[in-house]
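Structure, as structure tokens:
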Amino acid sequence: MVNLTAASLPSRPLGSLSPGQVAYVVNIDQGHPLRRRLLELGFIRGARVVWVRQAPLGDPVQLRLGRTDLALRRADLQGIWVRPEEQDQHQLASVPQPEQPIQKARL
Amino acid sequence: MTAPQPVQPLPMPPLNDTAACAATVERLRRNREPRALVVGNPNVGKTTLVNAVAGTNLKVGNWSGVTVEKREARLKRGEQTLHLIDLPGAYSLSPHTPEELISRTALLDEAADALLNVLDAGNLERNLYLTLQLLDFQIPLALVLNLVDEAEQKGVVVNTAVLSAELGVPVVATVGSKSQGTNAVLPTLLDQAQIGRRVEYSAAIEYAAGVLVAHMNKLSTLPPQAHRYLALSLLESDPSLRGRLAATGHAALLEAADTERDRLEAQGIDPLIDIAEARYARASAIAQLAIPDAESRLTLTEKLDRLALHPLLGIPIFLALVLLVFRLTFSVASPFVDLIAGPLQEVASGWAVGLLGSVPLLKDIVVGAIIPGVGTVLSFLPTLLVLYLAMSFLEDSGYMARAAFLADRLMRGLGLDGRAFIPLILGFGCNVPAVYATRTLERRSDRVLVSMILPFMSCSARLPVYVIFSAALFPHAGAWVVWSMYMLGMVVAFVFAWALRRTSLPPEGSGVLLELPPYRFPAWAVMWKHAFRRTASFAKRARTTVLATVAVVWVLLAIPMSSGYTFNQVPPAQSLFGRVSEAISPVFAPLGFGDWQATGALIPGFVAKEVVVGTLGQIYLQEQAAQVTSLGLIQGVQQAASATWEAVKTSVAALPTVVALPSLSADTTAVQKSPLATALSQAFTPASALSYLVFVLLYTPCVATIGAIQAEHGRRVAWVTVAYELGIAWVAAFMVYQVARLLLP
């Protein structure tokens with residue numbers, strides 16, 4: 001579960017990911033209101049989290065941790081620190097991603 | 001077992017005093033029948049499994065938090081009786097919710113002889129976290145690996161032999177909803193449950209736990225089988241456990257725990273993280289051994305979620321489903337409601353007249369109070385049954401969790417999470433099941449808040465009042481009047497909730513976490529049972545209140561207040577009811593309807609909102625209660641049977657129209673020319689009619705709803721709600737009347 005290649009990248013708040021992105025948990029702040037609960041659900045160091053989608057109204061966010069789908073509010077994503085997986089690494093089959101980066105046509 | 005290597009020399013008793021534990025269990029076994037606790041994560045099918053094993057009829061749903069209290073099933077095996085106690089779902093034993101607290105308390109206090117841990121095979125790793133916590137208890141354990149069919153669809157096949165060997169406890173694979181493998185559960189639990197292999201934490205944690213266990217061994221006040229669990233929880237600094245120990249005179253133990261924690265923290269160890277990581281490392285290792293080749297498949301759930309949670313389509317789909325539920329309730333249930341309120345009551349009354357004709361007073365009580373009272377309770381049942389069936393389908397299928405996900409943003413401003421949206425939506429159908437649906441909310445303050453604002457959601461019983469008034473006074477804008485009543489109800493609910501949040505019910509806690517379970521196709525039999533049980537429970541709880549209120553109104557109408565009339569032979573105006581209405585009516589003068597007739601019709605509306613229109617008719621048209629003709633047995637049966645057949649036909653014929661587009665103005669033209677509409681158009685002005693409608697919308701929940709609120713949150717909340725709402729209704733109707741008087745001709 002632990003991804004070592006990402007270890008050199010700086011950690012970011014979980015809220016800064018974008019749809020389909022995969023990241024590994026680094027730390028949860030001491031004062032986080034859901035810290036205990038998140039640890040028990042498996043948000044431990046090195047756990048793999050997929051940002052699946054946001055709700056149509058922008059909040060909350062659907063995350064996949066292992067085989068569990070969870071929804072967290074953006075406010076609660078602050079204080080959860082992750083290292084994103086590098087772009088060219090294997091992508092999760094179950095999360096839709098464009099085959100190639102979409103390029104805007106310039107006229 | 002030996003203690004882990006001590007960092008400094010200290011006299012240490014063995015960590016796992018299995019002999020002492022066995023002795024305790026033995027002692028308890030001699031004195032009573034064995035008890036086993038059923039423990040597991042939320043939504044893994046504990047209740048379904050208990051039902052399958054025990055043949056009982058406990059409620060289930062694909063929704064976390066269906067079991068909100070512990071429930072017991074008694075099983076016979078030969079001479080032996082086993083008590084199977086179904087506990088609410090818990091992700092862990094450090095409680096975050098009232099349900100988890102119930103589970104933890106049961107583990108500490110029940111001195112169970114065995115534990116049955118139910119796991120979701122498709123989500124093994126996370127479910128094992130709780131299992132590993134349970135292994136810290138010195139209580140024999142057996143595992144049930146449930147939902148194996150669903151896991152296989154996801155490409156997960158768990159090797160139960162490996163799982164059993166790794167944990168040192170027996171494992172049974174089952175599909176609870178299809179009763180597969182459930183026969184093996186009981187024998188395994190009774191004959192093979194074992195104290196399994198516990199997690200080895202880091203040496204520093206084990207040492208600190210050992211010190212605390214030693215402390216507890218000297219006390220003999222805490223159950224020995226829980227010592228290790230308690231020690232670890234104290235190191236994790238579980239606040240609710242500390243509270244409980246402090247209250248029971250264990251200050252010295254808490255001090256010892258603080259010392260150990262300080263020592264660990266001085267070494268740079270955060271026990272909470274250390275313990276969680278050790279458990280997950282173990283869970284992950286076991287899962288990898290037990291699931292050798294997990295494939296990742298694009299599951300049905302993911303495909304459905306792409307549609308159900310689509311950025312553009314998600315909300316329209318949600319609204320369409322809600323609409324479908326209502327149309328189903330209206331068109332399928334209403335023929336049966338009419339059947340009960342009309343022909344069946346006529347038949348019952350006819351029989352009563354035939355049997356009791358010689359005793360006029362008794363006859364009048366039966367026909368005037370008892371039959372309508374029972375009829376009122378019964379007439380709720382078809383609506384509730386259909387609504388509950390639809391709700392069960394949405395719950396059991398997993399869609400309710402998606403609805404909460406979609407609506408969460410809307411509820412945030414009120415300090416509620418998305419789950420609160422569901423009871424509010426249900427309130428438009430009928431407030432009664434909506435009150436019961438607040439149980440799915442985690443925090444008590446949320447449940448009370450939602451129950452208190454629910455009656456502002458305009459339930460279907462209020463619609464006929466809007467329709468007749470619109471027809472009488474707003475023939476060209478009927479649909480708008482009806483629509484604006486619904487909107488006003490919602491606006492008032494939100495404003496009231498906002499005010500409550502800032503005064504008496506501040507939001508508790510913070511942080512919102514929803515689980516989105518995989519979609520499941522609900523088992524029909526389970527849904528039926530579920531819906532029947534809830535409906536029956538309504539009939540049982542509400543009948544006394546409704547009957548009593550109907551009886552009181554009848555007696556008030558029967559007591560004459562001027563000479564020349566005798567008991568039960570009096571026009572409404574001369575009855576005590578008329579006088580009471582007249583006495584109250586000046587209160588409503590500023591709202592534009594200060595006569596006793598309009599006031600009088602509001603009183604029975606307290607019983608059930610659909611009665612308001614009937615009472616208006618009785619009062620304004622001086623309709624005598626229809627003369628009841630005596631019916632013979634055969635005649636009555638024939639009449640009831642043909643009316644029932646008509647209702648079935650109407651209901652079935654209505655099914656296809658459920659998907660048609662809704663129309664608000666459907667009924668208005670039909671009632672426009674009715675005599676009541678004509679009478680109302682003379683008695684009311686447009687302004688006073690609007691004010692009356694606003695009052696009817698807001699003034700009080702019906703007795704059935706009050707009964708439900710009382711059952712859920714106690715008498716105080718119920719009557720506070722009634723008082724608040726009467727006040728709000730008065731103020732709102734006053735404002736509407738004063739404004740409308742200036743604007744409308």
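The figures that follow rest on heavy atoms only: side chains count, while hydrogens, waters and symmetry mates do not. Each chain gets a letter, A, B and so on, in the order its sequence line appears, and its residues count up from 1.
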Discussion item. If I measure from the heavy atoms of chain A, does B/Asn41 come under 4.5 Å with its side chain, its backbone, both, or neither?
Written reply: neither

Worksheet entry | Short N-O contact, B/Arg409 and A/Asp59, less than 4.0 angstrom | no

Worksheet entry | Pairwise distance CG(B/Leu163) to CG(B/Asn159) - rounded to 0.5 angstrom | 8.5 Å

Practice prompt. Could you look at A/Gln54 and say if it's the side chain, the backbone, both or neither that has a heavy atom under 4.5 Å from chain B?
Written response: backbone

Practice prompt. Could you walk me through whether B/Asn127 and B/Tyr91 pass side-chain hydrogen bond (donor to acceptor under 3.5 Å, both in side chains), step by step?
Written response: CA-CA 8 Å; B/Asn127 280 251; B/Tyr91 289 114; over 6 Å; no

Practice prompt. Identify which of A/Pro56, A/Ala55, A/Ala75 forms the greatest number of heavy-atom pairs closer than 4.5 Å to chain B.
Written response: A/Pro56

Worksheet item: If you count heavy-atom pairs under 4.5 Å with chain A, which of B/Arg412, B/Gln133, B/Glu236 comes out on top?
Response: B/Arg412

Worksheet item: Quick one: of A/Thr68, A/Leu39, A/Ile28, who has the most non-hydrogen atom pairs under 4.5 Å with chain B?
Response: A/Thr68

Worksheet item: Which bit of B/Asp270 is near chain A, if near means a heavy-atom gap under 4.5 Å: side chain, backbone, both or neither?
Response: side chain

Worksheet item: Contact part of B/Arg279 toward chain A, heavy-atom cut-off under 4.5 Å: side chain, backbone, both or neither?
Response: neither

Discussion item. Hydrogens and angles aside, do A/Tyr24 and A/Glu85 bring a side-chain donor and acceptor to less than 3.5 Å of each other?
Written reply: yes

Practice prompt. Fit a plane to each ring of B/Phe318 and B/Phe421, take the angle between them on a 0 to 90° scale, and name the class: parallel (under 30°), tilted (30 to 60°) or perpendicular (over 60°).
Written response: tilted

Worksheet item: Does a donor on one side chain and an acceptor on the other come within less than 3.5 Å for B/Ser233 and B/Arg242?
Response: no

Worksheet item: Considering only heavy atoms, which portion of A/Leu38 lies under 4.5 Å from any heavy atom of chain B: side chain, backbone, both, or neither?
Response: side chain

Item to complete: Give, for atom OH of B/Tyr129 and atom CG of B/Leu93, the distance between the pair rounded to the nearest 0.5 Å.
Response: 9.0 Å

Worksheet entry | Top contributor to chain B contacts, counting heavy-atom pairs under 4.5 Å, from A/Arg37, A/Arg35, A/Gln62, A/Arg53 | A/Arg37

